[in-house]
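Right, one structure below, let's go through it.
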Amino acid sequence: MENHYSNKNSTIYFLLLIVPLFWGGAFVVTKHVVTELPAFASATLRYAPSGIILAVILFLRKDWNFKVIKKHWLGLTCMSITGIFSYNALCYIGLVYTSSINGSLIIAATPVLITISSVLFFKESWNKYMIIGLILSFVGVLIVTTKGSLPILLSLSFNKGDIIFIGALISWVIHGLIGKVVLQEVSSLQATTITMIIGSTLLGICSFFEKGWGNILTLSTQSWIELIYMVIFATIIAFFLWNKGIQKIGASKSSIYMNLVPINAAWISVVLYGSKINIPQLIGIGVVLLGVCFSTSGTKLEYKIPGKHLIYEKN
């Protein structure tokens, strides 16, 4: 019985690797899409179809649990506002005033804040491997985003765009912490569906102030393909697995995978868009991967079933 539960939950560590892969790709393709369609309109086209598709799936599966949804309506609404609406809005706005390097470095602090918050508020377990992994991952992201250049690192300056990114960081941390509570009873599929619908509605309202919906008539084939990718892979699949990860192993352990987003964005840019990557960045990628390995090793997994409390120590 113990091996059954440990193997079942260990699978989520592998599945969570898919999330930063798809989100890294979304980061790359979004750079192109927003050149043809304004930010809020692009985000609406990403999340609204995703919510509709997931709602249809839930309807066909007859998997709606309105009693549980009603019980957690406030938490689900807050997850929508923080994880879908404000996080995306603040990231898009922040990039207007600051560099992608600054933004990436600020967002890279997510695992640290989520881990600290989870330990303080939810008494999640932590160990030396997690701490070493967090430090290594952050250093790796630092090397990748600055291209291993000390002059670039020393020339970093902070402005209001960075403050906006800090707001995005806080939004995502809150999203993960709320999810830790809500996903104890609400299924990952239901939570993903509801947050997509509410979040995309808010993004859609803001998009009308951009007055850029007319551009949709002239979108290139490339942009449509990229939007389809974001809907299916970077949103439906990635967010479902992300919520499943929080549900199975907790917010702190899931968050460490976010440091793989800029890593995947880097190599996808090289392979698909002809970007350049240098030796220090390759070293940085290796450091991040080493950090993720450290963070997911020596992890204590706890499972509660009627009459039993199983603990599996992963060495």
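For Asn243 against Ser188, the heavy-atom pair with the smallest separation is CB-OG, 3.3 Å. Across all their heavy atoms, Met79 and Gly179 have their closest contact at SD-CA, 3.8 Å. Of all non-hydrogen atoms in Ile197 and Ala55, the two that sit nearest each other are CD1-CB, 4.2 Å. Heavy atoms only, all atoms of each residue included: Ala238 and Ala234 are closest at CB-O, 3.4 Å. A pairwise comparison of heavy atoms in Gly24 and Ile268 identifies C-CD1, 4.2 Å as the closest pair. Nearest heavy-atom pair across Leu90 and Ala168 is CD1-N, 3.5 Å.
Screening Val29, Thr30, Val33, Ile216 against Leu227 for a side chain to side chain contact (heavy atoms under 4.5 Å, CB included) leaves a single residue, Val33. For the pairing with Ser255, the side chain to side chain contact (heavy atoms under 4.5 Å, CB included) check across Val173, Ile246, Ile114, Leu113 returns one residue only, Ile114.
Looking only at distances, no side-chain donor or acceptor of Tyr13 sits under 3.5 Å from a matching main-chain atom of Gly245. Side chain of Asp63 to main chain of Leu58: no donor-acceptor pair is present (N/O by atom type, distance under 3.5 Å, no hydrogens or angles). In this structure, the side chain of Tyr97 does not engage the main chain of Ile164 through any donor-acceptor pair within 3.5 Å. Judged by distance alone, with hydrogens and angles left aside, the side-chain atoms of Thr218 form a donor-acceptor pair with the main-chain N or O of Asn215 at under 3.5 Å. The main-chain N or O of Leu37 is found under 3.5 Å from a side-chain atom of Ser42 such that the two form a donor-acceptor pair.
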Would you sort out whether Leu74 and Cys78 count as a side chain to side chain contact (heavy atoms under 4.5 Å, CB included), showing the intermediate values? CA-CA 6 Å; Leu74 181 58; Cys78 290; 4.2 Å; yes
Check against side-chain hydrogen bond (donor to acceptor under 3.5 Å, both in side chains), Tyr47 and Asn88: CA-CA 11 Å; Tyr47 290 103; Asn88 284 279; 3.2 Å; yes
Thr82 and Ser171: side-chain hydrogen bond (donor to acceptor under 3.5 Å, both in side chains), yes or no, with the steps? CA-CA 5 Å; Thr82 55; Ser171 289; over 6 Å; no
Does the pair Ser207 and Glu210 meet the rule for a side-chain hydrogen bond (donor to acceptor under 3.5 Å, both in side chains), with working shown? CA-CA 5 Å; Ser207 70; Glu210 290 178 321; 5.4 Å; no
Before giving the answer on side chain to side chain contact (heavy atoms under 4.5 Å, CB included), spell out for Ile198 and Thr77 the whole-Å C-alpha distance, their side-chain angles and the decisive distance to 0.1 Å. CA-CA 7 Å; Ile198 297 176; Thr77 301; 4.2 Å; yes
Stepwise side chain to side chain contact (heavy atoms under 4.5 Å, CB included) check, Trp267 with Leu21: CA-CA 10 Å; Trp267 74 260; Leu21 173 63; 3.6 Å; yes
Residues His175, Tyr87; criterion side chain to side chain contact (heavy atoms under 4.5 Å, CB included); working and verdict: CA-CA 9 Å; His175 169 78; Tyr87 176 75; over 6 Å; no
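Looking only at side-chain heavy atoms (C-beta outward), Trp213 and Phe208 come within less than 4.5 Å of each other. Between Phe85 and Cys206, some side-chain heavy-atom pair lies under the 4.5 Å cut-off. Side-chain contact between Ser223 and His32 is present, with heavy atoms from C-beta onward closer than 4.5 Å. Here the side chains of Ile236 and Ile53 are in contact, with some heavy-atom distance below 4.5 Å. Side-chain contact between Glu36 and Trp224 is absent, with no heavy-atom pair separated by less than 4.5 Å. Taking 4.5 Å as the limit, every side-chain heavy atom of Val34 sits out of range of all side-chain heavy atoms of Pro38. Considering only heavy atoms from C-beta on, Ser80 stays 4.5 Å or farther from Leu202 through its side chain. Using a 4.5 Å heavy-atom threshold, the side chains of Gln184 and Gln247 count as separate.
Note on Leu134: it clusters hydrophobically with Leu17, by side-chain heavy-atom contacts below 4.5 Å among ILVMFWY residues. Tyr92 and Trp172 fall into different hydrophobic clusters, where Ile, Leu, Val, Met, Phe, Trp and Tyr side chains are chained together by heavy-atom contacts under 4.5 Å. Under a hydrophobic clustering in which Ile, Leu, Val, Met, Phe, Trp and Tyr are joined whenever their side-chain heavy atoms come within less than 4.5 Å, directly or via other members, Ile93 and Ile205 fall into different clusters. Cluster membership for Phe121 and Leu183, using ILVMFWY side-chain heavy atoms within less than 4.5 angstrom, is shared. If you chain together hydrophobic residues whose side chains sit under 4.5 Å apart, Leu189 and Phe66 fall into the same group.
The number of heavy-atom neighbours closer than 6.0 Å to CD1 of Ile279, taken from other residues, nucleotides and ligands shown, is 12 or below.
The distance from atom OG1 of Thr201 to atom CD1 of Ile84, rounded to the nearest 0.5 Å, is 11.5 Å. Taken to the nearest 0.5 Å, the CG atom of Leu15 stands 9.5 Å off from the OH atom of Tyr257. Going from atom CG of Leu241 over to atom CZ of Phe14 covers 10.5 Å, rounded to the nearest 0.5 Å. Taken from SG in Cys91 to CG in Leu169, the straight-line distance is 9.0 Å, to the nearest 0.5 Å. Atom OG of residue Ser254 and atom CD1 of residue Ile12 lie 7.5 Å apart, to the nearest 0.5 angstrom. Here the CG-OG1 distance, from Leu203 to Thr44, works out to 5.0 Å after rounding to the nearest 0.5 Å.
Taking the ring centroids of Phe239 and Trp23, they lie under the 6.0 Å cut-off.
Side-chain atoms of Ser187 and Gln190 form a donor-acceptor pair, as typed in the model, at a separation below 3.5 Å.
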